[in-house]
Amino acid sequence: MAQSTQFQAPDLSDERILRIVAGIRPCRHGGLRLEAQQLGSKTLIHNYGHGGCGITLSMGTAIAAADLLEQCSEADAQIAILGAGVVGLTTARELSLRGRKVTIYAEKSGTETLSALAGALFLPVGIETEHPDIGHERFLNILTDSKHALDQLDQARYGIQDLPVYEPAFAADSEFLFTNGTIAPPTDLDLLPIPGPPRSGRTFNATFIHTHRFLNTLIEDLANAGVEIQSRSFTDRQELEHLQEPTIVNCLALGSRSLFDDQSLYPARGILVHMEPQDLGYIIHDGYKYMFPREDALVLGGCFDEGVWEDTPDELIADEILAHHRRFFGLS
Ligand SMILES: Cc1cc2nc3c(=O)[nH]c(=O)nc-3n(C[C@H](O)[C@H](O)[C@H](O)COP(=O)(O)OP(=O)(O)OC[C@H]3O[C@@H](n4cnc5c(N)ncnc54)[C@H](O)[C@@H]3O)c2cc1C
């Protein structure tokens, strides 16, 4: 039996609540769309459908999209990236590092996007991977590439940190998370070293990404590399013909549903309660009921509501989330 020190309980009092936020995860039947297509005179590479783990996969899908692009685009072709969430920004970074001239076009960028809502824990959940075209092996390669690329970054500048995760015994089974080596295997504990009613469970170390810092640093590095982000909203794919770049990478996430008529995209709503930041040094993970100590907010999750497009923060669900975490820590 392994046991470690007792951690501090969070302060979950009403006065510490900052805001309630809601966002729609860009899920896709069949999983990621990473493929090339000819659209009139343009070569188009799709990179979307990251569901509940877009921060986790972003660096890996950026590499996969750049590899794909190199197979079907002239070496000196200028590149347009559509979208400036985590997927667009990491793809722009990868292509810029490979010497490409890149311009990003997006309605919103960085911390204005859905990507800024994410915790974010490096965990490949909330995504479909079983489609034969996607293949489990390709998914695991992307995951491995992503972890490797994250490890190469300046951890402090990009807001990347290793934190212990504690899962109560009744948490959803997720043994597959530990099979490909990107997350070290868990250790079973008879007693979790966290405040609240005594409970057994397990612990593992995981990579945690302070999303705002991550997105802001990506944008800073892209600006230094001469990558411009232009504010632009697309309503019809014919508009893409007018872009000056011959090669386009589509990182529009849910925006791809109407623009590229991809009905496989579907929503999974998440609601989070942001409390004042608290440097607790650990994560609680119990499926979508999680607690992440982000530097700008203590993030309390949550939910994964498949099929729900409504993204206004729901007070009743937020109350349930708060009540759950207060019970968990014996605070109510
Ligand atoms: C509550 C919640 C918690 C999450 N937690 C985690 C986590 O812990 N770990 C993790 O890895 N992932 C997590 N995720 C998932 C992650 O946030 C997403 O998978 C990821 O942000 C998707 O990134 P993206 O760049 O594809 O999409 P987005 O961030 O949505 O970016 C899309 C971009 O396209 C632009 N765009 C769209 N349509 C148009 C248009 N028509 N014209 C012009 N621009 C357009 C947008 O403005 C934006 O720039 C979470 C998600 C939610 C909602």
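Computation of the quantities below employed the complete heavy-atom set of this structure, encompassing side-chain atoms and omitting hydrogens, waters and symmetry-equivalent molecules.
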Under 3.5 Å, side chain of Thr43 to main-chain N/O of Thr247, donor-acceptor pair present?
-> no

Are any of the side-chain heavy atoms of Pro277 and Leu298 separated by less than 4.5 Å?
-> no

Backbone N or O of Leu192 within a donor-acceptor pair of the Arg199 side chain at under 3.5 Å?
-> no

Given the rule that I, L, V, M, F, W and Y join up when any side-chain heavy atoms are under 4.5 Å apart, are Ile63 and Phe214 in one cluster?
-> no

Heavy-atom check, side chain of Leu163 versus side chain of Tyr282, under 4.5 Å | no

With a 3.5 Å cut-off and no angle check, do the side chains of Glu241 and Ser41 form a donor-acceptor pair?
-> yes

Just by modelled atom types, is the Leu150 backbone N or O under 3.5 Å from a matching donor or acceptor in the Gln155 side chain?
-> yes

Ser115 (side chain) donor-acceptor with Val86 (main chain) under 3.5 angstrom = yes

Aromatic ring centroids of Phe260 and Tyr48 under 6.0 Å?
-> no

Nearest heavy-atom approach of Pro293 to Gln278 is CB-O, 3.6 Å

Yes or no on side chain to side chain contact (heavy atoms under 4.5 Å, CB included) for Leu18 and Val273, after CA distance, side-chain angles and deciding distance?
-> CA-CA 8 Å; Leu18 292 177; Val273 180; over 6 Å; no

Whether Ser200 side chain and Leu189 backbone form a donor-acceptor pair below 3.5 Å | no

Separation of Ser58 OG from Leu218 CG (nearest 0.5 Å) = 7.5 Å

Please step through side chain to side chain contact (heavy atoms under 4.5 Å, CB included) for the pair Ile104 and Gln230, ending with a clear verdict.
-> CA-CA 6 Å; Ile104 302 175; Gln230 290 193 19; over 6 Å; no

Distance only, no hydrogens: is a donor on one side chain within 3.5 Å (strictly under) of an acceptor on the other, for Thr90 and Glu94?
-> no

Please step through side chain to side chain contact (heavy atoms under 4.5 Å, CB included) for the pair Ile45 and Ile248, ending with a clear verdict.
-> CA-CA 6 Å; Ile45 311 288; Ile248 299 170; over 6 Å; no

Check: Thr56 side chain, Leu121 main-chain N or O, donor-acceptor pair, under 3.5 Å = yes

Roughly how far apart are Ile79 CD1 and Thr103 OG1, rounded to 0.5 Å?
-> 9.5 Å

Separation of Ile321 CD1 from Arg326 CZ (nearest 0.5 Å) = 12.0 Å

Quick check: are there more than 12 heavy atoms from other residues, nucleotides or ligands sitting under 6.0 Å from CD of Glu315?
-> no

How about Phe208 and Phe292: are their ring centroids closer than 6.0 Å?
-> yes

Say whether, by atom type as modelled, one donor and one acceptor occur between the side chain of Glu112 and the main chain of Ser109 under 3.5 angstrom.
-> yes

Does the pair Asp11/Arg16 count as a salt bridge with the N-to-O cut at 4.0 Å?
-> yes

Interatomic distance, His50 atom NE2 to Thr61 atom OG1 [nearest 0.5 angstrom] | 3.0 Å

Could you check whether the rings of Phe304 and Tyr288 sit parallel, tilted or perpendicular, using 30° and 60° as the cut-offs?
-> parallel

Do other residues, nucleotides or ligands put more than 12 heavy atoms under 6.0 Å from the CG atom of Asp279?
-> no

With no hydrogens and no angle check, is any side-chain donor or acceptor of Arg269 less than 3.5 Å from a backbone partner on Glu306?
-> no

Tell me yes or no: between the side chains of Asn47 and Thr91, is some donor less than 3.5 Å from an acceptor?
-> yes

Phe204 and Tyr166: CA distance, side-chain angles, deciding distance, ring pair (Phe, Tyr, Trp, His ring centres under 6.0 Å) verdict = CA-CA 7 Å; Phe204 56 94; Tyr166 292 97; 9.1 Å; no

Heavy-atom count around Gln8 CD within 6.0 Å, excluding the residue itself: above 12?
-> no

Is there a donor in the side chain of Ser256 and an acceptor in the side chain of His46, or the other way round, less than 3.5 Å apart?
-> no

If you measure only the distance, is there a donor-acceptor pair under 3.5 Å linking the side chains of His212 and Arg294?
-> yes

Salt bridge (charged side-chain N to carboxylate O under 4.0 Å, His left out) evaluation trace for Lys101 with Asp76 | CA-CA 8 Å; Lys101 171 93 177 72; Asp76 59 351; over 6 Å; no

Using atom types as modelled and distance alone, determine if a side-chain donor or acceptor of Tyr158 lies under 3.5 Å from a backbone N or O of His210.
-> no

Answer whether the closest heavy-atom distance between the side chains of Leu265 and His29 falls below 4.5 Å.
-> no

With no hydrogens and no angle check, do the side chains of Tyr105 and Glu228 hold a donor and an acceptor under 3.5 Å apart?
-> no

Worked verdict on Leu97 versus Arg93 for side chain to side chain contact (heavy atoms under 4.5 Å, CB included) | CA-CA 6 Å; Leu97 286 174; Arg93 178 182 180 275; 3.5 Å; yes

With no hydrogens and no angle check, is any side-chain donor or acceptor of Lys147 less than 3.5 Å from a backbone partner on Thr207?
-> no

Side-chain donor-acceptor pair under 3.5 Å between Glu167 and His285, yes or no?
-> yes

